[in-house]
Amino acid sequence: RAWMDADFRRQLSARRERVEDAFEFEGRKVGRGSYGQVFKTKPRSCADAPAGDYALKQIEGSGLSMSACREIALLRELKHPNVISLKQVYLAHETRQIWLLFDYAEHDLWRMINFHASAKKCNSQVSLPPNFTKSIMHQILCGIHYLHSNWVLHRDLKPANILVMGTTSPERGRVKIADLGLARLFHQPLTPLTEIDPVVVTFWYRAPELLLGARHYTKAIDLWAIGCIMAELITDKPLFYCKQEEDIKTSSPYNRDQLERIFSVMGFPSQQDWRDLPHLPKYGDLVRNFGTGQQYARFSLGRHMSRSFGMSETSPEFRLLSRLLAMDPLRRPSAREALEDRYFLEEPRPAADVFNGFDIPYGKRDFISDSSDNKDDPARQQQSQPVHASLQQYQQSHQQALLLQQQQQQLS
Ligand SMILES: C[C@H](O)c1c(Cl)cncc1-c1cnc2c(c1)CCCN2C(N)=O
């Protein structure tokens with residue numbers, strides 16, 4: 001830093017826009033995750049940013065790591081309606097912290113699915129358009145098709161990374177894929193050390209080849225995760241839910257419990273199903289733990305989906321799901337092939353606003369206090385608002401609407 005003459009440096013730092021000067025974010029933290037923390041902010045009147053809400057993400061740690069730098073350079077080049085757009089990067093020179101500015105998305109699939117699940121538990125129905133899952137799936141695949149055609153792999157697709165714009169946004173009901181690999185400290189699929197990552201890493205969306213030691217991420221790995229998300233949108237339950245020890249110290253990719261769960265839903269892959277299976281690094285562990293997998297012979301995705309959700313194995317919805325969840329990565333469709341599936345061509349067609357004009361039943365994200373490490377830290381459950389609260393609000397507003405409708409019908 002000595003090489004820059006002091007006066008020039010003073011001029012630069014005087015002119016540099018500081019994130020705290022441009023945006024109001026005191027007490028507006030909405031989430032904490034593996035990546036750092038996120039604030040819902042508005043530009044201060046003096047800032048030249050257009051009005052509206054923004055998400056300010058403060059990256060964990062300090063300094064520009066190689067992967068953060070590469071990902072930011074990528075993010076700035078990427079522009080697609082279903083990919084969250086990076087508006088600005090702030091480097092706080094004093095603290096060497098990185099702040100990323102995005103358009104704000106009020107909802108995400110994690111909170112939405114939890115809302116539907118708790119509504120089911122209290123036997124209160126949430127009215128959603130019939131093409132709700134289809135619209136969300138279509139937009140996720142459009143976004144991933146764009147990323148994959150630019151040779152960008154997401155690497156960590158899960159419901160919390162699929163955002164949906166709220167009512168106050170001009171893009172109401174549009175899906176935005178977020179957290180593009182920023183959560184990855186390494187490009188090889190080693191699970192990030194949990195010390196850095198206070199939020200427990202879930203393996204529920206991890207493709208079987210990753211759990212068996214595959215050395216590189218592929219597009220097919222993203223498509224597997226999308227299949228898991230589709231099943232979860234349909235049943236409101238994580239398809240490959242598996243309890244996880246709080247402190248996963250090993251960074252070995254092999255996770256026996258997660259594999260056990262996958263086999264108890266999908267059945268055990270035969271030589272015909274997955275020719276390359278014996279060549280995977282952890283195949284030895286697999287045989288030691290599961291033998292020939294006879295105990296899973298009667299399980300299959302069709303059996304699971306028809307028993308847990310009455311889904312017919314001949315429906316286009318099920319056919320696409322079983323293509324995405326092929327155990328052999330070579331048999332999974334590309335994003336483009338998935339978009340061409342009959343499921344998206346038949347009525348009802350996917351809509352640009354996934355809520356299709358219906359009321360949005362979910363509450364806004366709540367601001368969280370800075371009680372960083374206590375157990376009920378929202379990031380740990382990643383819950384920003386107690387769901388039943390927003391459920392009650394929804395029922396009350398919905399009841400009023402229904403009553404009004406009935407009165408009008410009586411009058412007419
Ligand atoms: C940075 C983040 O991806 C994000 C972006 Cl870029 C834009 N608008 C909202 C968000 C956003 C805020 N909060 C949460 C989430 C997402 C996921 C689920 C967790 N979460 C809470 N508040 O719990």
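Counting convention: from 1, in listed order, for ligands and their atoms alike.
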Contact between Trp224 and Met327 at the side-chain level, heavy atoms closer than 4.5 Å - yes or no? yes
Using a 4.0 Å cutoff against the non-hydrogen atoms of [X], which atoms of ligand 1 qualify?
| X | answer |
| --- | --- |
| Phe102 | 6 (Cl) |
| Ala55 | 5 (C), 7 (C), 8 (N) |
| Lys57 | 1 (C) |

Please state whether the rings of His116 and Tyr362 are parallel, tilted or perpendicular, taking 30° and 60° as the class boundaries. tilted
Which label fits Tyr296 and Phe290: parallel for a plane angle under 30°, tilted from 30 to 60°, or perpendicular past 60°? tilted
Checking the side chain of Lys176 only, and the main-chain atoms of Ala105 only, is there a donor and an acceptor separated by less than 3.5 Å? no
Using a heavy-atom cut-off of under 4.0 Å, does the side chain or the backbone of Ala178 touch ligand 1, or both, or neither? side chain
Just heavy atoms, cut-off under 4.0 Å: does Ile368 contact ligand 1 by side chain, backbone, both, or neither?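 Answer for Ile368: neither.
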Let me see the working for Arg303 and Glu313 under salt bridge (Lys or Arg N to Asp or Glu O under 4.0 Å), right down to the final yes or no. CA-CA 8 Å; Arg303 179 178 184 276; Glu313 296 189 37; over 6 Å; no
I need the single residue from Lys57, Lys158, Arg155 that forms a salt bridge (charged side-chain N to carboxylate O under 4.0 Å, His left out) with Asp179. Which is it? Lys57
From [atom], work out which of [options] has a heavy atom at the shortest distance.
| atom | options | result |
| --- | --- | --- |
| atom 4 (C) of ligand 1 | Val164, Leu163, Ile177, Asp103 | Leu163 |
| atom 8 (N) of ligand 1 | Ser85, Ala105, Gly31 | Ala105 |
| atom 2 (C) of ligand 1 | Asp366, Leu101, Val38 | Val38 |

Return the minimal non-hydrogen interatomic distance between Val164 and Phe355, and the atom names on each side.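 It is CG1-CE1, 3.7 Å.
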Return yes when Tyr104 approaches ligand 1 closer than 4.0 angstrom through a heavy atom, no otherwise.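 Yes, that is the case, since the closest heavy atom of the residue is under 4.0 Å from the ligand.
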